[in-house]
Amino acid sequence: MSDYDDQDPFEGALSLSQRAMQAARPRPAPYLDGLNPEQRAAVETMDGPVLMLAGAGTGKTRALTARIAHLIDTGRARPNEILAVTFTNKAAREMKDRVGALLGGAIEGVPWLGTFHSVCVKLLRRHAELISRDLHGRPGDLIEAQHSQTLRPNFTILDTDDQIRLMKQLIIAANMDEKRWPARSLAGIIDGWKNRALTPERVPSSEASAFNNRGTELYAQYQDRLITLNAVDFGDLLLHMVTIFQTHPDVLEKYQRWFRYILVDEYQDTNIAQYLWLRLLAQGHRNICCVGDDDQSIYGWRGAEVGNILRFEKDFPGAKVIRLEQNYRSTEHILAAASRLISANEGRLGKTLWTEAKGGQKVRLIGHWDGEDEARWIGEEIEALRRGAHDIGPLRLDDQAILVRASHQMRAFEDRFLSIGLPYRVIGGPRFYERLEIRDAMAYFRLAVSPEDDLAFERVVNTPKRGLGEKAQQTIQRVAREAGVSLLLGARGAIQQGAIGGKGAARLREFVEGVARWHAAVLEGQDHVRLAETILEESGYTEMWLADKTPEAPGRLENLKELVKALEQFENLQGFLEHVALIMDNDSEEGEDKVSIMTLHAAKGLEFPAVFLPGWEDGLFPSQRAMDEGGKKSLEEERRLAYVGITRAEKLCTISFAGNRRVYGQWQSQMPSRFIDELPAADVEVLTAPGLYGGGQSAAAASFAAYTGGGVEERATHADVYNSPGWKRMQAHSTGTAPAAHRKVITLDPDEMPFGIGDRVFNQKFGYGEVIEIEADTVTVEFDKSGSKRVKAGFLSVAPSPTDDVPF
DNA sequence: TTCACCCAAGTTTTT
DNA sequence: CTTGGGTGAA
């Protein structure tokens, strides 16, 4: 963030003669070494519009970073005249590192290299005052005269949580039933408008019926309210900048002149607002280089427009289109399978990926009885790969990943891996800064920095519980509104007026005084790490979690400690809050060798020697929704997701599906994914888990056989799997109940139970544990390795003795 | 005001 | 089967 601070675009542009001198200086260009001809063209075609169509694994980041280095090295632009935008902080960081490595430390300044949002924050802070509230009288709205009518440079960036709460207030104020018209869905609608760069007055009349005919009205109120609070949401960062560029040609021109070269990563993921922003900036010189892959566009559901990339040549006539088609990642069969699959999509720009890595393993396809068998088999397969049981040689766990369509699929794997003690890491779960306790703590910090932050006030005024319920909070709101002051001052006023009764008043006074004290400490410049600790102590927040008996409480305290530790890297609380608003990364603990589990979306841009793609069943992948709604378009997006999944694999890609799956607690029989039919038989090897057709064998025995390598038979095509009698038999177990022949659930009478409370028991899945409670045939067991679970008695056996070793 | 219970609903996610 | 939110009683 601080990277740009010393780079005012309005200062010190190089004169032309200076540029010429720089250009004349010959230098070796090591960054060009080893580039293939297409990559080289992408680097050396510096002027005019360039569209780099870079297929999966074709070295686009390499080309992109070399291009930046080349622009600087040839003197075309000073580093900070280059604008390079990415979607994620991770991509930005990687590019920064690589450009830095290419150029060495010897250059002045750095490129404007960041996410769309971080660049926009920088720009918007300079021009915040140009965003003003629309005053064309809306009776009854929430305008308060004493508040400023424009955004100010020190605006705060709201997170999703704040947005929702704000919208909820507006919905209630509009006398709408917040149950029928949930704030979440309004947030979705408004977000969609912002993604399309639509301000409230520009929302087309055809959409006037949105949100019970009041969508646009609430949108306008929401935007007003944000300016009152001197706040913006994520969508505003782009929307406001587009608005400024459109309404203030002078401002736009300055930046058009300043950013001489523009580079865009993942262009297929841009939404309309981002597209307009780019087009406005590039309009003058047209030195824009967009890199993308239409086949990897998987964010349509959140506003990304594949159309942006498809019509690049129309937007920028004479654009040079460069295709990167040599794939350096995957072996032949993997690439062939992915290419064939994606060829079912229409309206592609079209690429033909090829590789020099001939041969290698075919894509493997395997059907399982149910989701648990699938998890079990994959766990064993991962351990087999680790031992080097396959041709590709031993793999570390870090080299293997499981990519799922929906996050709820992760659970089966976590459960299984926990019980067999296989280390794993979940990527992209709830992020650190989105956790409840972290947001609460941050709200306290926000109040300390700016006591007028009403949203922060609302969040923590009664956390921990201070006996301030809805009524008390309404009183505070009323007093504050009448006096036209912040909620904190309103609270103070309410206490003085005696409007808050009982013991709540004393606790509230304590809270208000606390905030005043902490704010004073911030102003004094007191050490912010110590102050943060003090705040959490004095507010009773730490104590609240210490007193909490739920199993999560220790973890939350641990997170709070981590938060305080993270503060050390910053100069003060303000700096920290600014950073966190945009960078919601969770630094995944590196180091230990672990299998990765993540969604397909989270896997974009990553690669692994071995990849497992479970759950390829109609209704799961493609998802039910994609099949029901959205028609061909959303089905094509699912197919691209499948393409992304397969192309993550370097050496081994294993696709699997299950015949039965528990969906919301109900057993359902599943059909294999339609995408499986689209894989080329010649590049696929069908594995058949023994026992799948046997009927009588238990799953454990079956997967044991698979695990030892025995009995894996090869089939001609995957269609054989689900046209076979065995598969049909699995389908015969219809929905509702557990597939009985397989599951062997034994219902036991409570008095026939072979064990009682306190006994040691064993379960195939969770290992050893102690019986806590028995309820009919459901037993609650505290397992040694995997915590407390409720298990049907039929799945348990009496454990020989508590001292026996756990066999994993 | 708060805690305990009942009920409805349930992709993908970055900033 | 979970989870979150809303309702009712202490």
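Residue numbers start from 1 in every chain, and the chains themselves are labelled A, B, ... in the order their sequence lines are given, proteins ahead of strands.
Taking only side-chain nitrogens and oxygens, N271(A) never comes nearer than 4.0 Å to OP1 or OP2 of dT15(B).
Between R640(A) and D295(A), none of the side-chain N atoms (NZ, or NE/NH1/NH2) sits under 4.0 Å from a carboxylate O, so this pair counts as no salt bridge.
Considering only the side chain of E178(A), dG6(C) comes nearest among dG6(C), dT15(B), dT12(B). The nucleotide whose nearest atom lies closest to any side-chain atom of R411(A) is, among dT15(B), dT11(B), dT2(C), dT2(C). In the set dT11(B), dT2(B), dT13(B), the nucleotide with an atom closest to the side chain of R302(A) is dT13(B). Closest to the side chain of Y299(A), from the set dT2(B), dT13(B), dT11(B), is dT13(B).
Atom CG of D628(A) and atom C1' of dT11(B) are 12 Å apart (whole Å). Atom pair D177(A):CG and dT7(C):P shows a separation of 10 Å (rounding to whole Å applied). In this structure, CZ of R466(A) is placed 14 Å from P of dT1(B), rounded to the nearest angstrom. Taking atom CG of D233(A) as the reference point, atom P of dT13(B) lies 21 Å away to the nearest angstrom.
Each of L281(A), V264(A), L113(A) was scored for a side-chain contact (heavy atoms from CB on, under 4.5 Å) with V85(A), with one residue passing: V264(A).
For the atom pair CD1 (I189(A)) and OH (Y219(A)), the distance works out to 12.0 Å, reported to the nearest 0.5 Å.
Of the two residues contacting DNA chain B, namely L641(A) and A472(A), the nearest-nucleotide position lying further toward the 5' end is that of A472(A). Take the nearest nucleotide of DNA chain B for L237(A) and for A406(A): the residue whose nucleotide is more 5' is A406(A).
With hydrogens and angles ignored, a donor-acceptor pair under 3.5 angstrom links the side chain of R405(A) to the base of dT12(B).
The stretch residues 464-474 of chain A participates, sequence neighbours left out, in no salt bridge (Lys or Arg N to Asp or Glu O under 4.0 Å) pair at all.
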